[in-house]
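See below for the structure under consideration.
Note that these values count all heavy atoms, side chains included, but never hydrogens, waters or copies made by symmetry. First the proteins, then the strands, lettered A, B, ... as listed; each starts at 1.
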2 protein chains.
Amino acid sequence: MLPKPTDAELEILQVLWENGPSSVRFVNDQLAERREVGYTTTLKLMQIMHEKGLVVRNTDARSHIYEAAIERDATQRNLLGTFVDNVFSGSAIDLVMQALGNHKASPDELNQIKALIEKMEREE
Amino acid sequence: MLPKPTDAELEILQVLWENGPSSVRFVNDQLAERREVGYTTTLKLMQIMHEKGLVVRNTDARSHIYEAAIERDATQRNLLGTFVDNVFSGSAIDLVMQALGNHKASPDELNQIKALIEKMEREE
DNA sequence: ATTTTTCTACGATTATTTTCGTAGAAAAAT
DNA sequence: ATTTTTCTACGAAAATAATCGTAGAAAAAT
């Protein structure tokens, strides 16, 4: 089973998920827009992620192209699970209430959630 | 500003939140029910938490009594915020949808959420 | 009164994650 | 043709988190 990505690795995965296969240079540029980060740091992390199997890469060209090897949804689900356990003692409902209460959602977003809830009720 | 609790510290806080002011022994016993953990490890962690200001303690008796110095709600909100940023690129709605979709909620829980949503809609 | 248990203090070790620095090859620029 | 830039590889350091071990005082048990 693949290891969970660390925080720094997750940052990199976000870039790959949003932009598709990318070079280290590109990923580093994206990260650098948000915070200071050295090129070799990003490189090293991506190499480690490759060892772990979190990314795959194409080494045909000199500049290697990396691609996420795990799905965004599955990863979020996975991390969410342990987060709920650690922080909300396993109560997903508590988390949902917190998240909702603490966030000004647009009417459209609220409708989305209502739709999902009604779907769940029908499937009961 | 107080630092965020680490995972191990959070485990201890959960015990304190649920049981009120407690000795190291009691906390350690609670933790030990779920996993292997040495007494001095728990002690050391609680001492560090005291240094950080995450807990307060009463040292009148030989066995010191520790109490959470930060509120559960505020802490959950705080941690949830960075989690949403890290894992869901800041989209709380995405997180809510994931959490809901991935969890078989009881009709009662669904009603709770619906009530909250309707309240939010009225306050729009 | 002595032994055993329980407690704190705290340095040191281990594990994990992140960052940095250097070397050398390939490519690009002058 | 040389210099400069860009890339990988990779060891090593720094930062952070968690665990452990020992010493000594206080309390409890014998």
Side-chain angles (χ1 to χ4, degrees), chain A residues 1-16 21-67 75 78-79 82-83 85-87, chain B residues 1-16 21-32 34-67 75 79 82-83 85-87:
Chain A
M1 210 275 199
L2 294 177
K4 260 189 251 301
T6 66
D7 283 352
E9 289 170 349
L10 196 58
E11 252 188 307
I12 290 171
L13 283 171
Q14 302 284 12
V15 174
L16 294 179
S22 313
S23 66
V24 175
R25 174 62 59 193
F26 178 81
V27 171
N28 185 249
D29 285 349
Q30 296 292 309
L31 298 183
E33 284 180 10
R34 304 204 292 110
R35 66 186 183 89
E36 186 128 348
V37 52
Y39 176 82
T40 55
T41 298
T42 303
L43 170 65
K44 178 71 168 184
L45 277 170
M46 292 176 77
Q47 286 171 342
I48 291 171
M49 292 169 79
H50 179 245
E51 278 173 26
K52 291 186 183 173
L54 297 176
V55 296
V56 292
R57 68 178 177 183
N58 181 316
T59 60
D60 289 349
R62 183 164 78 112
S63 167
H64 300 174
I65 301 300
Y66 288 77
E67 184 175 1
T75 305
N78 185 2
L79 293 174
T82 54
F83 182 78
D85 284 347
N86 290 342
V87 180
Chain B
M1 211 275 199
L2 295 177
K4 262 189 249 302
T6 67
D7 283 352
E9 289 170 348
L10 197 57
E11 252 188 307
I12 291 171
L13 283 171
Q14 303 283 12
V15 175
L16 295 179
S22 312
S23 66
V24 175
R25 173 63 57 193
F26 177 81
V27 171
N28 185 249
D29 285 350
Q30 295 292 309
L31 298 183
R34 303 204 292 111
R35 65 185 184 87
E36 186 130 348
V37 52
Y39 177 82
T40 55
T41 299
T42 303
L43 170 65
K44 178 72 169 183
L45 276 170
M46 292 175 77
Q47 287 170 342
I48 291 172
M49 291 169 79
H50 178 245
E51 279 174 24
K52 291 186 182 174
L54 296 176
V55 296
V56 293
R57 68 178 177 183
N58 181 317
T59 60
D60 288 352
R62 184 164 77 111
S63 167
H64 300 175
I65 301 300
Y66 288 77
E67 184 177 0
T75 305
L79 294 173
T82 53
F83 182 78
D85 284 347
N86 290 342
V87 180

Subject >> Presence of A:Arg57 side-chain N/O under 4.0 Å of D:dA9 phosphate oxygens OP1/OP2 >> reply: yes

Subject >> Strand partner of D:dC7, provided both Watson-Crick or wobble distances fall under 3.5 Å >> reply: C:dG24

Original post:
Taking CG from B:Leu10 and C1' from D:dA17, how many angstroms apart are they, rounded to a whole number?
Top reply: 14 Å

Subject >> Under 4.0 angstrom between B:Arg62 side-chain N/O and D:dG24 OP1 or OP2 >> reply: no

Subject >> Closest listed nucleotide, where the reference is the side chain of B:Thr40 and the choices are D:dT22, D:dA9, C:dA26 >> reply: D:dT22

Original post:
Separation of B:Leu43 atom CG from D:dT22 atom P, in whole Å?
Top reply: 16 Å

Subject >> Exercise: identify the closest heavy-atom pair between B:Glu11 and B:Leu31 >> reply: O-CD2, 4.0 Å

Subject >> Heavy-atom side-chain contact between A:Leu79 and A:Lys4 under 4.5 Å >> reply: yes

Subject >> Nucleotide opposite C:dT2 in a Watson-Crick or G-U pair, distances under 3.5 Å >> reply: D:dA29

**OP:** Select base, sugar-phosphate, or nothing to describe what B:Ser63 touches, counting heavy atoms under 4.0 Å on all strands.
**Re:** sugar-phosphate

**OP:** With side chain to side chain contact (heavy atoms under 4.5 Å, CB included) as the test, would you mind laying out the steps for A:Met49 and A:Leu13 before giving the verdict?
**Re:** CA-CA 10 Å; A:Met49 292 169 79; A:Leu13 283 171; 3.6 Å; yes

Original post:
Expressed in angstrom and rounded to an integer, what is the separation of A:Gln47 atom CD from C:dC20 atom C1'?
Top reply: 14 Å

Original post:
Do B:Ile48 and B:Glu9 pass the side chain to side chain contact (heavy atoms under 4.5 Å, CB included) test, and can you show the C-alpha distance, the side-chain angles, and the key distance before you say yes or no?
Top reply: CA-CA 9 Å; B:Ile48 291 172; B:Glu9 289 170 348; 4.0 Å; yes

Original post:
Whole Å only: how far is the CD1 atom of B:Ile12 from the C1' atom of D:dA18?
Top reply: 10 Å

Original post:
Nearest-Å distance, CG (B:Leu45) to C1' (C:dG11)?
Top reply: 15 Å

Original post:
Can you name the nearest heavy-atom pair linking B:Pro3 to B:Leu54, along with the distance?
Top reply: O-CD2, 3.5 Å

**OP:** Search all heavy atoms of B:Asn28 against all heavy atoms of B:Gly38 and return the closest pair with its distance.
**Re:** ND2-O, 3.4 Å

Original post:
When you measure from the side chain of B:Asp7, which nucleotide among D:dA18, C:dT19, D:dA25 comes out closest?
Top reply: D:dA18

**OP:** Give the rounded distance in Å between these two atoms: CG of B:Asn86 and P of C:dT17.
**Re:** 15 Å

Original post:
Paired with D:dT19: which nucleotide, if any, by Watson-Crick or G-U wobble criteria at under 3.5 Å for both distances?
Top reply: C:dA12

**OP:** Scan A:Thr6 against the nucleic acid and name what it touches under 4.0 Å (heavy atoms): base, sugar-phosphate only, or nothing.
**Re:** sugar-phosphate

Original post:
A:Tyr39 has a side chain; which of C:dT8, D:dT8, C:dT19 sits nearest to it?
Top reply: D:dT8

**OP:** Test for a donor-acceptor pair under 3.5 Å between the base of D:dG21 and the side chain of B:Lys44, counting only N and O atoms.
**Re:** no

Subject >> Length of the line joining A:Ile48:CD1 and C:dC20:C1', which is rounded to integer Å >> reply: 13 Å

**OP:** Round to a whole Å and report the spacing from CZ of B:Arg25 to P of D:dA27.
**Re:** 16 Å

**OP:** Please determine, for C:dT18, whether a Watson-Crick or G-U wobble partner exists with both distances under 3.5 Å, and give it or none.
**Re:** D:dA13

Original post:
Touch check for B:Glu9, heavy atoms < 4.0 angstrom, all strands: base, sugar-phosphate only, or nothing?
Top reply: nothing

